[in-house]
Each structure stands twice: as structure tokens, then as C-alpha cells.
Amino acid sequence: QVQLVESGGGLVQAGGSLRLSCAASGTIFRSNRMGWYRQAPGKQRELVATITSGGSTNYADSVKGRFTISRDNAKNTVYLQMNSLKPEDTAVYYCNARNYLGPYEYDYWGQGTQVTVSS
């Protein structure tokens, strides 16, 4: 069962822009934290950006000033606006929802969307 569905990936030239969308069920969307991760071939999955239920955001140093995460509560959707894209941004991007329950964390993942940036 897919609870998070990403879209908006594609092929873009360096310096271009893309906007990723993640549509979630209402229950999943109300998790404590939504975010975007990415994984390039041969590398570990890394955090890109997060946004809490209260609207606080956090970004990886590599994307600060270029990427913006936002959420639309009415649409149960989280977005990642990516500007000034670089070849090193090439990866599969995954939407993540994390719920904190006491000392435990519960993660939900989308299937991913490919972003390819050509030089």
C-alpha cells in the first residue's frame, strides 16, 4: 500500500528548476515531520529538507539557499521547490513522514521520483 506519492521529477539542465510534490493521506500527513530525502547511485540516502507540523524547516547545507520545502494542509501535500540545480543534485528523491511516539520513531516512505541534472 502506497501512502506517499511523489511527482514532479524529470530531466533538467544545470541552473534550471523543478518542483516536487508529495501527496499523502490525511493520517500520514498529520505526522510530526514531513521531509525529503535523496539517494544517488552508490551513495547513502541523505536528508534534504524537513518541515514540522508547526511549520519549522530544516535544510541540508548543500541545498540551503536553493531549495524550499513547504506544505499545503488543505491539499495534504508537501512540496520541494528546487532552483539553481546542479549535477550533484541528481538522485532519486523520496518523500518521508516521521511520527514520534515516546522514544520511538515511525517512518513512512514514498516510492521515489527521479531527478536528473545534466551539465
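Checked by atom type and distance alone, the side chain of Thr52 pairs as donor or acceptor with a backbone atom of Gly54 at under 3.5 Å. Glu6 places a side-chain N or O within 3.5 Å of a backbone atom of Cys95 that can act as its donor or acceptor partner. In this structure, the side chain of Gln114 does not engage the main chain of Gly9 through any donor-acceptor pair within 3.5 Å.
Residue Trp36 comes nearest to Ser21 through the heavy atom pair CH2-O, 3.6 Å, listed as atom of the first residue, atom of the second, then distance. Nearest heavy-atom pair across Ala97 and Ile28 is CB-CG2, 3.6 Å. Counting all heavy atoms, side chain and backbone alike, Asn76 lies closest to Asn73 at OD1-O, 3.2 Å. The minimum heavy-atom distance linking Ser62 with Arg38 is given by the pair OG-NH2, 3.5 Å. For the pair Ala14 and Ser119, the tightest heavy-atom approach, listed with the atom from each and the gap, is CB-CA, 4.5 Å.
To the nearest 0.5 Å, the span separating CG on Asp107 from OG on Ser31 amounts to 9.0 Å. Summarising the geometry, atom CZ belonging to Arg33 is positioned 12.5 Å from atom OG belonging to Ser56; distances are rounded to the nearest 0.5 Å. Separating the CG atom in Asn99 from the OG1 atom in Thr27 is a distance of 10.5 Å, to the nearest 0.5 Å.
Tracing side-chain contacts under 4.5 Å through hydrophobic residues (I, L, V, M, F, W, Y), one never reaches Tyr79 starting from Tyr59; they form parts of separate clusters. Cluster membership for Val92 and Leu47, using ILVMFWY side-chain heavy atoms within less than 4.5 angstrom, is shared.
Residues Asn58 and Ile51 have side chains not in contact (no heavy-atom distance under 4.5 Å, counting atoms from C-beta outward). Put simply, the side chain of Tyr94 does not reach to within 4.5 Å of the side chain of Thr113, judged on heavy atoms. Between Val115 and Thr90 the shortest side-chain heavy-atom distance does not fall below 4.5 Å. Using a 4.5 Å heavy-atom cutoff, the side chains of Thr68 and Leu80 are not in contact. Within the 4.5 Å cutoff, side-chain heavy atoms of Leu4 are placed close to those of Met34. No side-chain heavy atom of Leu20 sits under 4.5 Å from any side-chain heavy atom of Ser7. Two residues are said to be in side-chain contact when any heavy atoms from C-beta on lie closer than 4.5 Å; Gln81 and Asn83 meet this criterion. Looking only at side-chain heavy atoms (C-beta outward), Ser17 and Met82 stay at 4.5 Å or farther from each other.
Judged purely by distance below 3.5 Å, without hydrogens or angles, the side chains of Asn32 and Ser53 never pair a donor atom with an acceptor atom. Checking Asn96 against Arg98 by side-chain atom types alone, no donor-acceptor pair falls below 3.5 Å.
For Tyr37 and Trp109, the ring centers sit closer than 6.0 Å to each other.
A salt bridge is defined here as a Lys NZ or Arg NE, NH1 or NH2 lying under 4.0 Å from an Asp or Glu carboxylate O, and Asp61 with Lys64 meets this definition.
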>> Go through it in stages, so that I can follow the logic: the residues are Phe67 and Val48, the test is side-chain contact (heavy atoms from CB on, under 4.5 Å), and I'd like the CA-CA distance, side-chain angles, deciding distance and then a yes or no.
In response: CA-CA 9 Å; Phe67 291 11; Val48 177; 3.7 Å; yes
